[in-house]
**Student:** 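What follows is a structure written as structure tokens; I'll ask about it next.
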Amino acid sequence: MLAKRIIPCLDVKGGRVVKGVNFVGLRDAGDPVESAERYSDGGADEITFLDITASHEERRTLFELVDRAASTIAVPLTVGGGVRERRDVKELLHAGADKVSINSAAVANPSFVGEMAEAYGSQAIVVAIDAKRAPGAPDKWTVYTHGGRRDTGLDAIAWAKQVADLGAGEILLTSMDRDGTRDGYDLVLTRAVVDAVPIPVVASGGVGTLQHVHEGLAFAGADAALAASIFHDGHYTVAEVKRYLLDQGVCVRPPEAD
Amino acid sequence: MTTGRVAIVDLGLGNLHSVAKAFERAGAKPVLSADPDVLLRADRLVMPGQGAFRECSHALAGEVGEAVRAWIDSGRPYLGICLGMQALFESSEEAPGEPGLGIFPGSVRRFSVDLRDEGGMRLKVPHIGWNQIASKHPVFEDGAWYYFVHSYYCVPEDEALVVATTDYGGRFCSAIARDNVLACQFHPEKSQHAGVRVIGHFLGDVSWS
């Protein structure tokens with residue numbers, strides 16, 4: 001049976017972790033590769049780097065970082081943030097990313113998703129959707145781009161279906177309402193997207209407790225749970241999350257002893 | 001452990017970085033190449049999963065494909081990963097009309113669009129993530145978790161080729177072995193410690209062929 005995945009996400013800028021990782025004995029809390037290695041050794045099923053670098057010059061450091069990470073960690077690596085054109089996708093995959101996550105560029109030009117899936121395979125193309133509840137309309141969410149600053153007016157569920165039809169291999173769904181709140185995933189949104197698309201959905205935004213991870217996977221039906229601060233702050237280890245989920249009867253890959 | 005020279009077939013269709021690194025972690029010094037002379041001089045040959053079946057078929061239509069065939073005939077150890085497993089068969093539903101290497105009779109099929117688990121829940125395709133195998137083969141670990149990412153799976157005509165199966169809406173063939181040929185649908189290079197152990201076993205710390 002396919003296991004639900006636990007994915008720590010590291011925000012990086014200029015090749016460094018933006019919010020430091022609070023691990024005991026870390027040589028360099030700002031090095032994304034060292035943190036990624038710790039997480040994968042601790043049982044993370046995948047690692048995501050989200051690059052929030054602005055300038056083109058800093059972009060080079062991302063490629064170097066991905067190259068170094070791919071040489072070090074032996075679990076899949078997803079990289080997103082600032083992916084605008086074919087060259088970005090190509091360079092990230094060549095640097096060693098297994099999947100590239102596309103957000104604003106997909107909204108600006110939906111055919112870009114199909115072209116990239118055709119060129120590199122659906123399994124390598126993730127579409128990231130930042131969704132926010134529309135005011136006064138229950139169970140309706142619209143898609144935001146540019147780091148959550150721009151409301152596109154697109155219906156999030158319809159957009160999810162469209163990118164799946166275009167050839168995306170996975171959806172990384174972030175609730176803008178919940179991101180950073182520690183109130184838990186937006187379960188209604190997540191469930192709606194999971195039910196709408198035939199491809200895996202990664203839930204993101206809002207995790208503060210072990211129960212939240214469980215709800216996202218078991219009740220909302222997400223295929224994977226992405227979280228950042230609960231891991232970086234040292235609140236929980238990946239192994240603790242997995243042991244909890246196993247106790248709740250959720251199928252996850254047990255943390256290895258060695 | 002004496003690993004000898006390990007060559008990784010580079011069809012130019014994808015990034016082989018992580019495969020090469022995984023072999024380095026297991027103690028080998030692999031070379032990436034599409035040069036038949038380089039490939040045929042090695043002691044062990046690895047063909048990783050790369051791109052789509054059509055492109056793979058085209059890339060194997062020439063001298064590289066001949067080198068792989070000659071290699072397998074020579075009796076030296078071969079490890080196919082993902083598409084490097086699928087390419088050993090005659091054809092794939094992914095690219096009708098495009099030939100595989102045809103080392104073994106059989107074909108490659110797509111997971112059903114209406115795949116369901118035991119509880120009736122619809123399963124997603126591609127099959128992406130960590131899943132377990134059932135196997136009695138010395139290279140693999142029964143019950144271990146490995147990383148999969150694929151929409152197609154091998155259906156050998158000779159069921160005796162199958163040395164591991166995995167459940168995804170029913171059991172499918174997740175590894176094959178015969179004589180010097182070993183191949184798996186999952187990615188040892190992405191499967192953390194369990195994957196490194198598969199590579200170590202292939203490199204000779206267990207007897208398997």
Side-chain angles (χ1 to χ4, degrees), chain A residues 1-7 40-47 66-77 90-99 117-124 126 164 168-171 194-195 197-202 221 223-224 251-258, chain B residues 13-22 24-26 49-55 82-83 94 111 113-115 117-119 121-132 141 143-152 166-169 171 187-197 199:
Chain A
M1 187 177 172
L2 186 66
K4 303 277 189 182
R5 285 169 281 154
I6 303 299
I7 309 174
S40 65
D41 282 345
D45 297 306
E46 205 169 302
I47 302 290
V66 170
D67 183 85
R68 207 155 51 81
S71 306
T72 310
I73 62 169
V75 298
L77 176 66
K90 186 180 173 185
E91 289 193 46
L92 287 171
L93 291 175
H94 276 258
D98 296 284
K99 307 180 208 179
E118 182 74 21
Y120 301 107
S122 288
Q123 83 292 334
V126 178
E170 189 161 271
I171 288 172
V194 166
D195 287 342
V197 297
I199 56 175
V201 175
V202 181
D223 298 275
C251 177
V252 293
R253 179 178 64 112
E256 280 204 43
D258 50 343
Chain B
L13 298 174
N15 172 38
L16 304 181
H17 201 75
S18 53
V19 178
K21 291 295 174 185
E24 285 172 17
R25 270 193 289 272
Q50 305 165 62
F53 194 89
R54 183 182 310 279
E55 285 68 35
C82 192
L83 214 54
E94 189 180 358
F111 283 117
V113 286
D114 192 36
L115 208 61
D117 70 9
E118 287 164 355
M121 279 287 291
R122 192 175 60 165
L123 296 171
K124 314 272 173 134
V125 176
H127 173 223
I128 297 183
W130 297 78
N131 206 330
Q132 282 178 293
E141 287 160 61
W145 296 84
Y146 301 102
Y147 187 77
F148 290 81
V149 48
H150 63 125
S151 300
Y152 298 83
T166 293
D167 179 30
Y168 198 58
R171 298 208 80 86
H187 291 262
E189 77 279 12
K190 292 286 158 196
S191 300
Q192 258 264 324
H193 305 301
V196 173
R197 289 196 294 271
I199 292 169

**Student:** Can you tell which part of A/Leu93 gets under 4.5 Å to a heavy atom of chain B, answering side chain, backbone, both or neither?
**Tutor:**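 Contact with chain B: backbone only.
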**Student:** First locate atom CZ of B/Phe148, then atom OG1 of B/Thr166, and finally report the distance between them rounded to the nearest 0.5 Å.
**Tutor:**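 The distance works out to 3.5 Å.
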**Student:** Please flag which part of A/Arg5 lies under 4.5 Å from any non-hydrogen atom of chain B: side chain, backbone, both or neither.
**Tutor:**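 For A/Arg5, side-chain heavy atoms alone lie under 4.5 Å from chain B.
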**Student:** Let's test your reading of the structure: which of A/Ala119, A/Gly221, A/Pro254 forms the most heavy-atom pairs below 4.5 Å with chain B?
**Tutor:**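 The answer is A/Pro254.
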**Student:** Determine, using ring centers only, whether B/His150 and B/Tyr152 are less than 6.0 Å apart.
**Tutor:**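 Judged by ring-centre distance (under 6.0 Å), B/Tyr152 and B/His150 do not meet the cut-off.
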**Student:** So what's closer than 4.5 Å to chain B heavy atoms on A/Asp223: side chain, backbone, both or neither?
**Tutor:**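 Only the side chain of A/Asp223 comes within 4.5 Å of chain B.
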**Student:** Between B/Glu141 and B/Arg197, does the salt bridge (charged side-chain N to carboxylate O under 4.0 Å, His left out) criterion hold? Intermediate values first, please.
**Tutor:** CA-CA 9 Å; B/Glu141 287 160 61; B/Arg197 289 196 294 271; 2.8 Å; yes
**Student:** Using non-hydrogen atoms only, which part of A/Ser122 is less than 4.5 Å away from chain B: side chain, backbone, both, or neither?
**Tutor:**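 It is neither, since no heavy atom gets under 4.5 Å.
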**Student:** Below 4.5 Å from any heavy atom of chain A, which atoms of B/His127 appear? Answer side chain, backbone, both or neither.
**Tutor:**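 Looking at B/His127, just its side chain touches chain A.
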**Student:** Tell me, for B/Val125 versus chain A, whether the close heavy atoms (under 4.5 Å) come from the side chain, the backbone, both or neither.
**Tutor:**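 Looking at B/Val125, just its backbone touches chain A.
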**Student:** Quickly, which of A/Leu77, A/Asp98, A/Asp67, A/Val66 forms a side chain to side chain contact (heavy atoms under 4.5 Å, CB included) with A/Leu92? Name it, please.
**Tutor:**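 Of the listed options, the one satisfying the test is A/Val66.
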**Student:** Can you tell me which portion of B/Ala20 sits under 4.5 Å from chain A's heavy atoms? Options are side chain, backbone, both or neither.
**Tutor:**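 Neither part, no heavy atoms under 4.5 Å.
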**Student:** Drop me the distance from B/Trp145's CH2 to B/Asn131's CG, to the nearest 0.5 angstrom.
**Tutor:**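 Here the rounded value is 6.0 Å.
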**Student:** When you measure from the side chain of B/Ser18 to the backbone N and O of A/Ala70, does any donor-acceptor pair fall under 3.5 Å?
**Tutor:**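 No, the answer is negative, given that no donor and acceptor are paired below the 3.5 Å cut-off.
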**Student:** Tell me, for A/Lys90 versus chain B, whether the close heavy atoms (under 4.5 Å) come from the side chain, the backbone, both or neither.
**Tutor:**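 No part of it gets close to chain B.
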**Student:** Test salt bridge (charged side-chain N to carboxylate O under 4.0 Å, His left out) on A/Glu46 and A/Lys99; report intermediate values, then the result.
**Tutor:** CA-CA 10 Å; A/Glu46 205 169 302; A/Lys99 307 180 208 179; 3.1 Å; yes
**Student:** Under 4.5 Å heavy-atom distance to chain A, tell me which part of B/Lys21 shows up: side chain, backbone, both or neither.
**Tutor:**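 It is the side chain, since no backbone atom gets that close.
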